[in-house]
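Some notes on the structure that comes next.
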Amino acid sequence: MTEETRVRFAPSPTGYLHIGGARTALFNWLYARNKKGTFVLRIEDTDKTRSTDEYIDAILEGMKWLGLDWDEGPFRQTDRFDVYRSYADKLLKEDRAYYCYCSAEELEMRRKAAMVQGKSVKYDGRCRNLTEGQAASSRGQGTVRFRMPQQGQTVVDDLIHGKVVFENEQLDDLIILRSDGTPTYNLTVVVDDVDMRITHIIRGDDHLNNTPKQIQLYQAFGYAAPKFAHLPMILGADKARLSKRHGATSVMAYYEMGYLPEALVNYLVRLGWSYGDQEVFTRDELIKHFSFEHAGKAAAVFNPEKLLWLNSQYIMSSAPEKLAELVRPFLVKEKIIREDEALDKAWLAKAIHTLQERARTLVELAASLRYYIAEDVVFNDKAKEKFLNEKSRDILEELKAGISSLSEFSIPELEKLFKSIVEKHGVKLGALAQPARVAMTGGTESPGIYEVLEVLGKEKVLSRLEKAIKMIGGA
RNA sequence: GGUCCCAUCGUCUAGAGGCCUAGGACGUGGCCCUCUCAAGGCUAAAACACGGGUUCGACUCCCGUUGGGACCA
């Protein structure tokens with residue numbers, strides 16, 4: 001019987017869920033779902049000065065929006081200080097760890113000296129073998145260091161990079177407890193991963209160099225090291241690590257900009273993973289096909305253009321009824337409807353159906369819904385000048401007359417009417433469609449004119465034509 | 001500075017020695033469709049960092065160089 005797969009996402013609540021974190025969470029989630037394993041969420045909040053509850057909520061919110069549900073947690077490291085302490089005590093008792101009384105200033109000086117001499121800047125082991133007497137003199141304010149083996153090699157078994165070999169003599173006697181007794185990152189992460197029985201550690205490759213030290217800690221505690229998968233970093237256009245100055249990095253900022261979570265997920269997963277030539281995936285396909293065999297090793301540049309394209313693909317293929325729900329907050333935000341205003345769902349879906357292949361985001365969708373929903377048309381000056389003038393008055397009059405006497409207000413009937421008017425005047429369809437379009441929408445870009453008219457309905461169409469004709473007359 | 005990682009079009013990537021005249025996608029240009037804008041279709045330009053090996057044969061394997069990145073901080 002094979003062991004259950006257990007993975008975890010372990011963010012520090014020192015900021016919102018950002019793109020890089022979301023990608024790490026996503027790969028963990030996909031791996032867990034693919035293996036029918038367990039996805040654990042752990043909040044690494046030991047840095048009390050920078051961690052806040054607000055950020056914890058923000059991270060959970062981001063994960064929920066992306067649809068990354070976890071099976072256990074969220075656990076908080078601040079609840080577990082006693083556990084870390086007991087693991088450290090165990091190492092101390094077994095002489096796998098020792099007290100170190102070197103001050104931060106001394107260490108800094110020696111580090112600099114080592115760097116100048118071109119030597120490895122690791123701890124020089126000064127307090128490694130202090131006698132009881134030597135130690136007793138300053139006991140109390142020391143840090144606790146892990147006694148790293150100095151011979152042999154440590155091998156990281158990585159699902160993406162293969163076996164990565166480190167010489168143990170390069171490994172530092174890392175500090176596991178600070179002089180105030182608080183645990184350090186390398187201790188908490190190993191203790192938690194041991195306690196939570198994590199089988200696969202999937203995280204950014206900025207942690208690869210910490211891994212051999214953690215493996216040694218695992219072994220000191222008497223456990224076999226888990227498998228690792230170190231994901232490449234996500235970079236900005238300038239190839240520097242993605243950060244605020246590259247624009248939106250918070251996941252929820254993409255919600256605000258009108259992105260669908262499916263699009264972001266799809267984009268993020270393709271950043272460093274592929275499945276042949278396929279670009280667009282359903283969630284089930286992602287879960288089914290996901291594996292580290294197709295994961296890349298190289299850092300990837302975040303490309304907002306491609307994300308936007310993917311979003312437009314998802315908007316195009318979404319059910320209008322679903323988009324109607326999703327676009328609502330954006331309609332409110334754009335002040336197109338009031339917060340308590342009800343809209344006819346079927347009608348809204350019909351309107352959206354005409355717009356979904358021209359809106360790349362929900363924000364754009366909301367913006368173009370304005371001319372369907374709002375009472376007054378907002379005219380674009382150039383469009384008005386070009387198409388609502390003396391030249392178009394007669395033909396618009398005729399259109400208005402034709403429409404009011406139409407027995408059936410439908411797309412085929414409207415099309416017939418337009419064709420006959422155009423034929424009679426000996427002009428191209430555009431000579432009628434464009435003025436009509438401006439009269440209906442205020443601008444020159446819209447869905448097909450018959451669709452626009454049909455969505456608006458006879459009454460609104462007639463009143464907008466009336467208004468346009470009046471505007472021309474008054475000019 | 002030491003250690004580790006990485007390297008295919010501008011970007012994301014396919015490629016597990018002959019299938020490569022290096023494929024797809026985004027973006028960009030052109031054409032078609034067309035009532036506008038989109039969508040869609042067709043099409044063009046665009047890459048194996050460099051140098052050595054190994055091999056009958058290297059984008060693919062090995063070594064080095066260069067360049068990027070991470071960690072130690």
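Here, rU13(B) and rG27(B) have their C1' atoms 15 Å apart, quoted to the whole Å. Only the C1' atoms considered, rA46(B) is 12 Å distant from rU11(B), to the nearest whole Å.
Between F290(A) and Y31(A), the two ring planes are perpendicular [angle over 60°; tilted spans 30° to 60°].
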### Query
Could you write nucleotides 8-17 of chain B as a row of B, S and -, 5' to 3', where a protein heavy atom under 4.0 Å of any base atom gives B, of only sugar-phosphate atoms gives S, and otherwise -?
---BBSS---
#### Entry: B/S/- contact track for nucleotides 35-49 of chain B, protein heavy atom under 4.0 Å
BBBBSS---------
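In this structure, the ring of H200(A) has its center no less than 6.0 angstrom from the ring center of F27(A).
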Just list the side-chain donor-acceptor pairs under 3.5 Å for residues 363-373 of chain A, sequence neighbours left out, or say none.
from, atom 1, to, atom 2, distance (Å)
E364(A), OE1, R360(A), N, 2.8
E364(A), OE2, R360(A), NE, 3.3
E364(A), OE2, R360(A), NH2, 3.1
S368(A), OG, E364(A), O, 2.9
S368(A), OG, L365(A), O, 3.4
R370(A), NH2, E334(A), O, 3.0
Y372(A), OH, T354(A), OG1, 2.9

Indicate every side-chain donor-acceptor pair of residues 409-416 of chain A with a distance under 3.5 Å to a residue at least two apart or in another chain.
from, atom 1, to, atom 2, distance (Å)
S410(A), OG, E408(A), OE2, 3.2
S410(A), OG, E413(A), N, 3.4
E413(A), OE2, K416(A), NZ, 3.2
E415(A), OE2, K419(A), NZ, 3.2

Please report, to 0.1 Å, the donor-acceptor pairs under 3.5 Å made by any side chain of residues 430-438 of chain A, with sequence neighbours excluded.
from, atom 1, to, atom 2, distance (Å)
Q434(A), OE1, R437(A), NH1, 2.5
R437(A), NE, S446(A), OG, 2.8
R437(A), NH2, P447(A), O, 3.2

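Look at rA25(B): its Watson-Crick or wobble partner, with both distances under 3.5 angstrom, is rU11(B). rC42(B) and rG30(B) make up a base pair, with Watson-Crick or G-U wobble contacts both under 3.5 Å.
Computed from coordinates, the L235(A) CG to rG67(B) P distance equals 19 Å when rounded to whole Å. Taking atom CG on L308(A) and atom C1' on rG27(B), their separation rounds to 11 Å, with Å as the unit. For D206(A) and rC6(B), the CG to C1' distance is 14 Å, given to the nearest whole Å.
For D205(A) and E305(A), each mapped to the nucleotide of RNA chain B holding its nearest heavy atom, the one lying further toward the 5' end belongs to E305(A).
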Could you go over nucleotides 59-66 of chain B and give all protein N or O partners under 3.5 Å, atom names and distances?
none

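In this structure, H161(A) reaches the rC6(B) phosphate: one of its side-chain N or O atoms is under 4.0 Å from OP1 or OP2.
With no hydrogens or angles considered, a side-chain donor-acceptor pair links Q216(A) and T154(A) at under 3.5 Å.
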